[in-house]
Amino acid sequence: MKSAPFLKALNYAERLLAVKDRSRREIEQRLEDKSYNKDCIAEVVEYLKQKGFVDDKRLVSEWLKASSTWRPKGVLAIKSELYKRGINEELINDALKDADIGYDEYKIAKAIVEKRSKELKGVNDFKRKKNLYSYLARRGFSFDVINDIIE
């Protein structure tokens, strides 16, 4: 039989996960904010990991898939967002290299430029390039990729 604080913390964590997928660090932080003790937090997070409810690797994979389809972003923006969610750099880099995920920053940026170029028809060449360059930079694409595509 589990203790009452554990069950209360677990119930809270499950409600958080019902809303959206969260990283291990996000769950820990939210439980800390509710003033649960460290042992209870560790026990809850371990339980959730064992049950498969908290899986940072899966979270990164899903985030990359969404970032390449719904609102395309560059690697820099993706890394920044995932760091904020408490995902470590090694896990992010491994996921970006994983061929199964199929995240190709160059291909995604090229598709964005093709779409935006149609919208910028009639604009002089200098303004069009400047607009495309700054748009891609704001979306977190690396400058090497931007330069290759714009040129």
Side-chain angles (χ1 to χ4, degrees), residues 1-120 131-150:
M1 185 83 179
K2 297 290 184 177
S3 67
F6 170 83
L7 294 174
K8 192 173 178 183
L10 179 61
N11 186 12
Y12 177 66
E14 287 174 342
R15 283 184 300 173
L16 290 173
L17 290 167
V19 174
K20 71 176 188 176
D21 207 8
R22 298 179 193 265
S23 70
R24 176 195 54 78
R25 182 65 199 131
E26 286 176 305
I27 295 292
E28 289 173 348
Q29 186 63 51
R30 295 292 293 264
L31 289 172
E32 285 174 15
D33 292 346
K34 287 285 189 178
S35 301
Y36 289 103
N37 69 40
K38 300 264 185 215
D39 294 335
C40 182
I41 293 170
E43 190 177 353
V44 167
V45 169
E46 187 57 37
Y47 177 83
L48 292 170
K49 283 174 75 173
Q50 287 176 355
K51 294 293 183 184
F53 295 126
V54 174
D55 184 357
D56 287 353
K57 189 173 183 175
R58 183 190 70 232
L59 177 74
V60 171
S61 173
E62 294 300 318
W63 194 270
L64 288 174
K65 287 176 187 173
S67 293
S68 65
T69 54
W70 294 107
R71 189 141 191 237
K73 296 178 182 122
V75 171
L76 298 173
I78 291 169
K79 282 183 175 183
S80 174
E81 291 168 351
L82 290 171
Y83 288 145
K84 287 177 187 173
R85 294 193 75 179
I87 308 292
N88 69 28
E89 185 175 4
E90 184 179 322
L91 187 59
I92 297 168
N93 290 334
D94 288 347
L96 285 168
K97 291 175 187 171
D98 189 1
D100 293 340
I101 293 172
Y103 188 82
D104 184 358
E105 184 179 32
Y106 186 85
K107 184 175 141 185
I108 292 167
K110 189 168 177 79
I112 290 172
V113 166
E114 288 171 2
K115 182 178 177 186
R116 294 282 296 188
S117 290
K118 291 176 186 173
E119 296 169 8
L120 296 170
N131 183 295
L132 291 171
Y133 193 94
S134 56
Y135 183 78
L136 291 174
R138 284 191 309 270
R139 301 289 234 144
F141 289 93
S142 70
F143 294 108
D144 293 337
V145 169
I146 295 171
N147 283 330
D148 287 348
I149 292 173
I150 301 289

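Atom set for the values below is all heavy atoms of this structure, side chains included, hydrogens, waters and symmetry mates excluded. The chain is numbered in sequence order, starting from 1.
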Gap separating the NZ atom of Lys84 from the CD atom of Glu26, nearest 0.5 angstrom: 12.0 Å
Please set out all donor-acceptor pairs under 3.5 angstrom arising from side-chain atoms of residues 15-22, sequence neighbours excluded.
unit_1	atom_1	unit_2	atom_2	d
Asp21	OD1	Arg58	NH2	3.1
Asp21	OD2	Arg58	NH2	3.3
Arg22	NE	Leu16	O	3.1

Donor-acceptor contact below 3.5 Å, side chain Arg24 vs main chain Asp56: no
Let me confirm one number: the CG-CZ distance from Leu136 to Arg138, rounded to the nearest 0.5 Å. 9.0 Å
Once rounded to the nearest 0.5 Å, what's the spacing between atom CD1 of Ile150 and atom OG of Ser117? 7.5 Å
Donor-acceptor pair, Ser23 side chain versus Ile87 backbone, under 3.5 Å? no
Distance (rounded to the nearest 0.5 Å) between Ile41 CD1 and Tyr36 OH: 9.5 Å
Decide if atom CZ of Phe143 counts as having more than 12 heavy atoms of other residues, nucleotides or ligands within a radius under 6.0 Å. no
Show me the side-chain donor-acceptor pairs of residues 43-53 shorter than 3.5 Å, one per line, residues at least two apart or across chains.
unit_1	atom_1	unit_2	atom_2	d
Glu43	OE2	Lys2	NZ	3.4

Whether Glu32 and Arg25 form a salt bridge (side-chain N of Lys/Arg under 4.0 Å from carboxylate O of Asp/Glu) is what I want to check. yes
Apply the test side-chain contact (heavy atoms from CB on, under 4.5 Å) to residues Leu7 and Asn11: give CA-CA distance (whole Å), side-chain angles for both, the deciding distance (0.1 Å), then the verdict. CA-CA 6 Å; Leu7 294 174; Asn11 186 12; over 6 Å; no
Once you round to the nearest 0.5 Å, how far does CH2 of Trp63 lie from CD of Glu81? 5.0 Å
A quick test of your reading: do over 12 heavy atoms of other residues, nucleotides or ligands sit less than 6.0 Å from CD of Glu90? no
Can you tell me how far the CD1 atom of Ile92 sits from the NZ atom of Lys57, to the nearest 0.5 Å? 14.0 Å
Do the side chains of Glu105 and Ile78 get nearer than 4.5 Å, heavy atoms only? no
Minimal non-hydrogen separation, Asn37 against Cys40, with atom names: OD1-N, 2.6 Å
